Amino acid sequence: MRPTEIMRGSPPAPEVQVTRANWRSFPAIRWGFTHVREVLPTADIRRSARPTPMPSAPRELAKLGFTAPDGKAATIEATLQETFADALLVMHRGTLIHEWYGDGMSVITPHLICSISKAIAGTLGGVLAARGLVDPEARVVRYIPELETSVYGGCTVRNLLDMAVAIQFEEDYEDLAGDVARYRFSSGWDVPPPGVEPGHQRAYLATLRGTGKPHGKVFHYVSTNTEVLGWVYERACGMPYHRILSDYLWQPLGAEEDGSLTLDSHGMGRLAGGISVTARDLLRFGEMMRNRGVVEGRQVVPGWWIDDIRENGDPKAWADGDLAEYFPGARYRSKWFTIDPSRNALTGIGIHGQHLYVDLDSDTVIVKLATQPKAMDVPIDQRWFAAFRAITTHLAPR
């Protein structure tokens with residue numbers, strides 16, 4: 001028996017006609033995030049021929065109570081129902097102890113993970129660095145000379161990894177005519193208005209300009225930095241990103257199902273937010289991180305790279321950056337957040353409610369997927385961080 005509280009058969013039909021123009025808007029998002037391959041062109045992220053086993057031993061967590069940030073009493077069960085959640089999986093010391101799915105989800109349903117895709121890209125960088133394919137301290141133009149006149153002409157791969165590029169770009173998801181909108185037109189995610197050419201990602205990335213300030217000083221969250229990082233990987237490896245990810249990370253960690261990556265009109269992947277995978281395979285990825293890069297005795301990601309993610313990240317750059325008011329004292333390193341430095345925990349975060357939480361103090365990995373109507377909903381995020389702390393405290397050794 002699977003440790004599942006809610007399972008279902010075929011997903012329900014979408015409540016509205018889902019198109020490329022509305023697939024990330026509520027309520028179409030409820031269907032769109034689990035059917036990306038039916039909305040956009042994609043490439044496969046190939047699964048392993050030998051999936052990593054996932055032992056299970058169900059434990060009751062749904063009724064677990066905690067105090068929400070607003071001071072009100074909450075439970076895991078109520079939080080799932082009140083925050084547009086699609087899945088919650090909890091693994092403790094390598095055993096799956098809790099697995100819940102909302103409407104339209106199952107163990108084999110791929111779900112868009114948005115910017116958790118960035119954490120995967122940052123982790124993959126360690127594999128490529130260990131193989132001598134990518135030098136994190138090298139200038140970006142060593143790999144992509146055609147970006148010399150852009151903002152990326154003066155920054156390093158490490159600046160990309162740590163979101164420390166001094167770029168003129170505002171990551172405002174609600175501005176329908178802003179930087180993010182133009183970026184999404186180029187990636188094929190959105191339909192541009194009449195008279196606006198969609199272009200493609202590589203051409204768009206070359207147009208981006210800097211602030212004139214030095215790189216590496218301030219945390220500034222910009223998704224295009226991760227697209228450039230993927231372009232670096234492609235040049236270094238001589239193959240498209242989805243193949244690099246399949247060959248060097250997804251297959252070695254033992255993924256059970258194929259994932260997918262959305263593509264623009266020229267075949268470039270949107271690796272900053274366009275990956276869809278099953279909740280279980282995302283849990284496998286998190287468990288590999290918990291085990292310092294080891295899967296069934298195999299070193300998939302260098303342990304020193306994961307140590308660097310856990311131990312580093314510039315506190316001053318964070319304090320001077322975009323998100324310090326929401327998460328004071330946090331750090332960011334190689335696309336991973338350390339939200340609370342008092343805990344030995346890493347977090348991958350995606351808009352619309354995606355979380356991968358790896359708590360090393362309690363040997364716990366949590367995957368929570370959602371289709372929240374708002375791209376950024378900080379109160380819901382903070383409620384879930386309180387829920388994660390409640391789960392890990394409950395599971396921690398007494």
Side-chain angles (χ1 to χ4, degrees), residues 23-26 28-36 39-40 45 76 79-80 82-91 98-107 109-123 163 171 173 180 184 189 221 223 226 245 250 255 257 259-262 270-287 289 323 326-327 330 332 335-339 345-359 365-388 391:
W23 69 282
R24 293 185 335 280
S25 301
F26 194 83
I29 190 175
R30 303 287 289 173
W31 188 88
F33 267 35
T34 54
H35 295 78
V36 175
V39 179
L40 300 174
I45 301 168
I76 301 300
T79 301
L80 286 167
E82 294 167 7
T83 63
F84 306 92
D86 294 325
L88 179 68
L89 279 64
V90 180
M91 177 170 276
H98 181 89
E99 186 173 36
W100 175 92
Y101 295 103
D103 289 340
M105 286 288 292
S106 74
V107 295
T109 305
H111 192 291
L112 190 72
I113 60 173
C114 298
S115 288
I116 298 177
S117 305
K118 294 181 175 70
I120 291 173
T123 305
M163 291 292 187
E171 190 96 352
Y173 305 111
V180 171
R184 286 174 170 168
W189 272 36
Y221 189 93
S223 288
T226 311
L245 178 56
W250 219 242
E257 304 289 343
S260 69
L261 175 69
T262 68
R270 177 135 189 239
L271 62 111
I275 290 178
S276 294
V277 294
T278 66
R280 282 190 167 202
D281 282 339
L282 188 57
L283 193 70
R284 286 181 169 93
F285 171 64
E287 177 67 2
M289 293 294 293
L323 302 177
Y326 304 115
F327 303 108
Y332 189 86
K335 310 296 180 185
W336 285 89
F337 294 87
T338 298
I339 293 296
L346 302 174
T347 308
I349 303 175
I351 57 174
H352 295 287
Q354 322 317 316
H355 286 95
L356 173 59
Y357 190 77
V358 182
D359 188 88
V365 180
I366 302 172
V367 166
K368 193 273 292 182
L369 303 176
T371 39
Q372 294 166 196
K374 292 177 63 176
M376 283 190 67
D377 198 322
V378 174
I380 290 181
D381 283 346
Q382 291 175 333
R383 179 171 174 176
W384 270 108
F385 282 121
F388 298 157
I391 292 170

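As a basis for the values below, the full set of heavy atoms in this structure was taken, side chains included, without hydrogen atoms, waters or symmetry mates. Note that the numbering runs from 1 along the sequence shown for the chain. All of these numbers come straight from a predicted model, not from anything done at the bench.
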Side-chain heavy atoms of V365 within contact of M289, under 4.5 Å: no
Working for side chain to side chain donor-acceptor pair (under 3.5 Å), residues S106 and T109: CA-CA 5 Å; S106 74; T109 305; 3.0 Å; yes
Parallel, tilted or perpendicular, as decided by the 30° and 60° cut-offs, for the rings of F33 and H352: perpendicular
Pair K118-S223, side-chain donor/acceptor within less than 3.5 Å: yes
Distance (rounded to the nearest 0.5 Å) between Q354 CD and L369 CG: 5.5 Å
Atom of L271, atom of S117 and distance for their closest heavy-atom approach: O-CB, 3.2 Å
Geometric class of the F26/F84 ring pair [parallel <30°, tilted 30-60°, perpendicular >60°]: perpendicular
Donor-acceptor contact present, side-chain K335 to main-chain T123, <3.5 Å: no
CD1-CG distance between I349 and D381, expressed to the nearest 0.5 angstrom: 6.5 Å
Shortest non-hydrogen separation from G353 to A370 and the atoms involved: O-CB, 3.5 Å
N-O pairing of R280 and E99 below 4.0 Å: yes
Non-neighbouring partners of P379 that pass side chain to side chain contact (heavy atoms under 4.5 Å, CB included), sequence neighbours left out: D377
Close side-chain approach of F337 to L323, heavy-atom, < 4.5 Å: yes
Within-4.5 Å side-chain heavy-atom neighbours: E257 and V107: no
Ring centres under 6.0 angstrom apart (H355, F385): yes
Close side-chain approach of W336 to L356, heavy-atom, < 4.5 Å: yes
More than 12 heavy atoms from other groups under 6.0 Å of OH on Y326: no
Euclidean distance, M105 CE relative to T371 OG1, rounded to 0.5 Å: 9.0 Å
K368 to F388 - nearest heavy-atom pair and separation: CB-CZ, 4.2 Å
4.5 Å side-chain heavy-atom contact, W23 and V36: yes
R284 and M91: CA distance, side-chain angles, deciding distance, side-chain contact (heavy atoms from CB on, under 4.5 Å) verdict: CA-CA 9 Å; R284 286 181 169 93; M91 177 170 276; over 6 Å; no
Spatial distance of atom CH2 (W100) from atom CG (L80) [nearest 0.5 Å]: 4.5 Å
Inter-residue atom distance L282.CG - I120.CD1, 0.5 Å rounding: 6.0 Å
Candidate pair L245 and I275, rule side-chain contact (heavy atoms from CB on, under 4.5 Å), full reasoning: CA-CA 11 Å; L245 178 56; I275 290 178; 3.8 Å; yes
Atom pair CG/OG of L40 and S276 - distance to nearest 0.5 Å: 9.0 Å
Student check: side-chain heavy atoms of P110 and V277 closer than 4.5 Å: no
Sub-4.5 Å side-chain heavy-atom contact between W189 and V180: no
Shortest non-hydrogen separation from A330 to I339 and the atoms involved: CB-O, 3.6 Å
Close side-chain approach of E171 and M376, heavy atoms under 4.5 Å: no
Side chain to side chain contact (heavy atoms under 4.5 Å, CB included) against T83, all qualifying residues, sequence neighbours excluded: T79, A85, I380, W384
Where L112 and G274 come nearest, the two heavy atoms and their spacing: CD1-C, 3.9 Å
Partners passing salt bridge (Lys or Arg N to Asp or Glu O under 4.0 Å) against E82 (at least two apart in sequence or in another chain): R383
